[in-house]
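Values in this document were obtained by computation on a predicted structure and should not be read as measured data.
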Amino acid sequence: YVFKTAETINLPNHFYTDLYTRRTVALDDVMLSFAPIASGFSGKLFIKAWVSDNVIFEVEKGAAFCAIRFMPVNLDLTMYQGIWGGEKSHTDGHERAK
């Protein structure tokens with residue numbers, strides 16, 4: 001299954017976030033999959049849920065089944081700007097011109 005958050009995340013500069021599965025969901029034999037959220041990201045989050053066979057998993061509207069952690073980053077980061085240009089396997093350190 002794929003879930004989309006009702007909330008929009010507007011991550012400011014110099015912040016990093018990651019998501020964690022809540023204990024109650026993990027104990028229900030459900031595995032969640034997600035990626036870290038880049039500094040400067042703005043949008044809804046998509047979360048993939050793997051539900052074991054023969055497990056009934058119900059999510060009520062507004063239920064919290066994962067947690068998000070916001071962490072300040074004291075580095076000079078380049079803001080998220082979409083896909084990178086160059087070869088598919090690497091960028092050679094250069095961003096595609098806009």
Can you tell me how far [atom2] of [Y] sits from [atom1] of [X], rounded to the nearest 0.5 angstrom?
{"X": "I37", "Y": "R69", "atom1": "CD1", "atom2": "CZ", "answer": "12.0 Å"}
{"X": "R22", "Y": "L27", "atom1": "CZ", "atom2": "CG", "answer": "12.0 Å"}
{"X": "N13", "Y": "S39", "atom1": "CG", "atom2": "OG", "answer": "5.5 Å"}
{"X": "I68", "Y": "L45", "atom1": "CD1", "atom2": "CG", "answer": "5.5 Å"}
{"X": "L19", "Y": "F34", "atom1": "CG", "atom2": "CZ", "answer": "5.0 Å"}

Same cluster (ILVMFWY, side-chain, under 4.5 Å), [X] and [Y]:
{"X": "M31", "Y": "Y1", "value": "no"}
{"X": "V55", "Y": "V2", "value": "no"}
{"X": "V51", "Y": "F46", "value": "no"}

Would you say the side chain of [Y] lies within less than 4.5 Å of the side chain of [X], judging by non-hydrogen atoms?
{"X": "L11", "Y": "T17", "value": "yes"}
{"X": "W50", "Y": "V30", "value": "no"}
{"X": "I47", "Y": "C66", "value": "yes"}

Requested in this report: State whether the number of non-hydrogen atoms from other residues, nucleotides or ligands found under 6.0 Å of Y20 atom OH is greater than 12.
Outcome: yes

For a quick test of reading the model, state the closest non-hydrogen atom pair linking [X] to [Y] and the distance between them.
{"X": "F3", "Y": "A49", "answer": "CE1-CB, 3.5 Å"}
{"X": "T5", "Y": "K44", "answer": "O-CD, 3.1 Å"}
{"X": "M71", "Y": "D18", "answer": "CE-OD1, 3.7 Å"}

Query raised in the report: According to the interplanar angle, ranging from 0 to 90°, do the rings of F65 and F57 count as parallel (below 30°), tilted (30 to 60°) or perpendicular (above 60°)?
Result: perpendicular

Query - Close aromatic pair by centroid cut-off 6.0 Å: Y16 and F70 - result: no

